[in-house]
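Order of the sequence lines fixes the chain letters, A, B, ..., with proteins taken first and strands second; residue numbering starts at 1 for each chain.
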Amino acid sequence: MERILSLIIVGILMGGLYGLMAMGLSLQYGVCRVLNIAHGEFVMLGAMLTFFLSFSLGINPLVAPAIIGPLLFGLGFLLQTTLFRGLKARAPSPAAFEGSALLAAFGVLYIIQYLARVRWGTLLLPSTYLTDSVPFIGGMNLSLNQIVSFAIAVALGIAVYLFLTRSRLGRAIRATAEDQATAGLMGVNTNMILGFCFGLGALLAGIAGTLISMRIYANTGIGFSNTVIALIVVTLGGLGSVPGSFIAGIIIGIVSMLVTGLWESVLTVPVYYGILMVLLLARPAGIFGKK
Amino acid sequence: VKKMDITRLFTTHRKLLLVGFLILLIVFVVTFPLYNGTYRTSVLTTILMYVILAVSWTMFSSTTGYMSLAPAAFFGIGIYSMALLQDYLPFPVIIVVGGLISFALALLLGLVTLRLRGIYFTIFSFGLVVFIMNIVNYVEATVAGTHGRYLLLLDRTMLLYVMLGLAVVTVLAIYFIRRSRLGLAMQSIGGNEEAAEHMGINTNIVKVLTFAISAIFMGAAGVVTAPSLIYVNPSIAFSLTYSFLPILMAVFGGMGQLYGPALGAVVFGYLAKTLRAQLLTYFMIVFGILLVVVIVFLPNGIVGLVPMLQSKLGGVIARLRKGSQGEQHANT
């Protein structure tokens with residue numbers, strides 16, 4: 001029993017990261033309608049940059065997001081305002097745009113991943129930051145970076161949620177997600193909003209990457225598996241629902257730890273997949289999906 | 001008078017010319033091993049494999065607009081069918097079995113997800129590859145107690161011929177499907193699914209069936225590719241490159257016609273097989289850039305470039321001709 005409890009706690013701590021990652025993807029799909037298959041590559045960039053900033057420049061990983069965040073935000077903003085905006089203008093229908101945006105995101109995935117490989121190679125760069133263990137309830141030990149990264153993820157998640165629901169810009173974002181044309185007529189600069197959302201998604205992915213490099217390791221190949229997890233989490237939480245994806249992230253985190261701890265780690269993805277299958281048959285729009 | 005005949009040959013007997021060209025291609029492939037070594041033969045076999053994957057991906061995903069990221073799953077199933085059955089069944093039977101298992105799996109996936117919105121189908125097909133890879137990994141480790149399997153190397157010339165036969169069957173089958181009622185139904189789904197449904201098309205059956213048919217060819221291609229891999233484990237057999245490359249090839253070649261993806265497969269299949277690992281990394285960067293450029297500027301791929309140039313050049317030629325005619329008039 002105690003073992004299960006500890007697995008659940010570790011799972012929740014991991015799930016915060018998944019949630020953060022998925023929130024970014026959810027924002028990109030929900031507002032910009034781009035299923036960003038290169039999302040995991042932004043996570044990878046965040047992780048690699050964090051490692052090298054702290055390794056070669058001695059910058060504290062907790063400070064690194066102050067440099068990485070704006071960088072990735074800019075990259076995401078540029079991608080949306082040049083590439084995806086152009087595609088949208090040319091696409092004959094919204095469905096055609098989703099298809100071509102997906103394929104373009106493929107191209108972006110290849111560019112980022114292989115550029116990173118050329119630059120940094122394929123070494124596994126383990127985390128050495130805040131690895132002291134902290135005693136926790138029931139005599140179990142957690143490492144400090146697990147707790148710190150979870151706290152950051154939750155704080156960021158709440159901040160983004162409050163920003164989307166309470167601020168003026170957040171209202172403009174929600175209006176754009178609902179109906180871009182009408183939002184434009186109401187005086188919202190929708191192109192800027194779309195760019196902002198894509199940038200914010202990339203920024204969240206980058207910070208998730210920082211936290212991952214802090215608590216697990218950094219490697220140029222981690223992008224893909226993170227894309228898979230983020231996609232599953234986002235679908236589970238309901239495509240486009242930001243709070244839903246955070247909660248789904250925590251659920252997936254718990255499931256992954258339980259499956260790894262009690263059964264077999266290669267079976268985590270099949271189990272996610274099974275959950276997703278059952279859920280989609282029962283509730284096709286996800287837990288928090290609207291339609 | 002003779003000049004007229006040549007232009008007429010190109011316009012009215014286009015089909016005849018095409019068949020002639022295809023026969024020439026087949027003859028080229030059949031005679032290829034006679035004056036080339038085993039390495040080049042295997043390169044050609046790989047190219048044909050990518051032709052099969054790219055053409056069958058295009059048949060379903062491009063016409064209906066449902067983006068499948070699952071080719072690697074069906075391809076890998078083909079590879080594992082060969083690895084598991086090579087000692088028990090003759091080669092041609094395994095090809096059929098591999099195709100049928102892929103068909104059944106695609107049917108299952110299609111029945112569950114193709115009734116949902118397209119984006120869910122994409123996500124599911126993406127996960128399918130990782131799902132099957134991990135399941136095979138688990139079963140192999142716990143039941144069979146192995147990490148990978150060795151394959152008996154078959155004669156490369158024979159493999160080339162089998163792959164050629166499979167490619168011809170695939171292209172012919174898809175050619176006829178596209179022209180059939182099923183093909184028209186697929187196209188109308190791609191155009192407007194709701195309208196298609198109102199016209200009396202059972203869209204779910206059409207989608208599931210065509211998706212499953214496209215999986216047959218991918219599975220069969222996996223079986224024929226398997227012997228030249230010599231050793232496979234789940235991460236080799238279910239490598240996502242087999243999903244991504246055919247899509248990139250199809251997009252690059254142009255998805256409107258069958259020869260678009262085939263052309264893309266020939267170009268990139270050759271490059272992917274012959275470039276060295278170090279060079280391949282740089283090549284993939286260029287590949288990504290090319291893909292983005294093609295999607296943005298050439299939505300119909302390289303093949304779409306031809307009519308575009310034709311209309312532009314046609315205008316220029318017409319203008320030139322008019323100009324020269326005008327000069328002649330002026331001279332007389």
Side-chain angles (χ1 to χ4, degrees), chain A residues 29 33 35 37-38 79 82-84 86-87 90-93 95-96 98-118 122 224-225 227-229 231-232 234-235 239 263-274 276-278 280-281 284-286 291, chain B residues 61-62 65-67 69 108-109 112-113 115-120 122-124 126-142 190-193 234 240 243-244 247-248 250-252 255 278 280-297 299:
Chain A
Y29 182 73
R33 296 279 135 190
L35 187 67
I37 222 155
L79 270 180
T82 54
L83 176 61
F84 294 118
L87 279 177
R90 272 166 239 235
S93 68
E98 281 189 19
S100 58
L102 178 75
L103 293 175
F106 251 121
V108 175
L109 180 159
Y110 271 90
I111 298 170
I112 297 179
Q113 192 186 342
Y114 282 90
L115 275 178
R117 242 187 237 191
V118 168
T122 50
F224 182 71
S225 55
T227 306
V228 173
I229 291 175
L231 277 175
I232 288 174
V234 163
T235 319
L239 280 172
W263 202 5
E264 185 78 53
S265 65
V266 288
L267 286 175
T268 46
V269 174
V271 170
Y272 298 159
Y273 211 67
L276 205 55
M277 277 281 197
V278 172
L280 276 190
L281 288 176
K291 251 182 293 181
Chain B
S61 286
S62 159
Y66 280 75
M67 293 285 161
L69 300 178
L108 201 69
L109 179 78
V112 176
T113 58
R115 58 182 67 231
L116 302 171
R117 273 173 48 217
I119 207 80
Y120 287 108
T122 306
I123 294 173
F124 260 86
F126 191 55
L128 183 74
V129 183
V130 189
F131 172 75
I132 295 183
M133 185 196 332
N134 286 326
I135 290 278
V136 171
N137 219 335
Y138 178 71
V139 171
E140 287 280 86
T142 51
N192 184 339
E193 186 160 352
L240 272 148
S243 273
F244 292 170
I247 299 173
L248 301 180
V251 174
F252 180 77
M255 301 184 284
Q278 179 61 28
L280 201 63
T281 311
Y282 289 99
F283 167 66
M284 293 316 278
I285 298 170
V286 178
F287 204 0
I289 296 170
L290 262 179
L291 185 73
V292 172
V293 168
V294 166
I295 289 168
V296 173
F297 296 106

Give, as side chain, backbone, both or neither, the part of A/Leu87 having an atom under 4.5 angstrom from any heavy atom of chain B.
side chain
Check whether A/Leu231 gets within reach of chain B through its side chain, its backbone, both or neither, counting any heavy atom under 4.5 Å.
both
When rounded to the nearest 0.5 angstrom, what is the spacing between [atom1] in [X] and [atom2] in [Y]?
| X | Y | atom1 | atom2 | result |
| --- | --- | --- | --- | --- |
| A/Thr235 | B/Phe124 | OG1 | CZ | 7.5 Å |
| B/Ile119 | A/Leu102 | CD1 | CG | 6.5 Å |
| A/Phe106 | B/Ile247 | CZ | CD1 | 4.5 Å |

Chain A interface, residue from [options] that has the most non-hydrogen pairs under 4.5 Å:
| options | value |
| --- | --- |
| B/Val251, B/Leu240, B/Thr142, B/Asn137 | B/Leu240 |
| B/Ile289, B/Val294, B/Leu290 | B/Ile289 |
| B/Ile285, B/Val112, B/Leu248 | B/Ile285 |

Indicate yes or no: at least one non-hydrogen side-chain atom of [X] is less than 4.5 angstrom from one of [Y].
| X | Y | answer |
| --- | --- | --- |
| B/Leu69 | A/Ile37 | yes |
| B/Asn134 | A/Tyr273 | no |
| A/Leu35 | B/Ile123 | yes |
| B/Met67 | A/Leu103 | yes |

Report yes if the distance between the aromatic ring centroids of A/Tyr114 and B/Tyr282 is under 6.0 Å, otherwise no.
no
Does the ring center of A/Phe224 lie less than 6.0 Å from the ring center of B/Phe126?
yes
Is it the backbone or the side chain of [X] that comes under 4.5 Å from a heavy atom of chain A, or both, or neither?
| X | value |
| --- | --- |
| B/Val296 | both |
| B/Tyr66 | neither |
| B/Thr122 | side chain |

Could you point out which residue of B/Ile135, B/Ile132, B/Val130 forms a side chain to side chain contact (heavy atoms under 4.5 Å, CB included) with A/Pro270?
B/Ile135
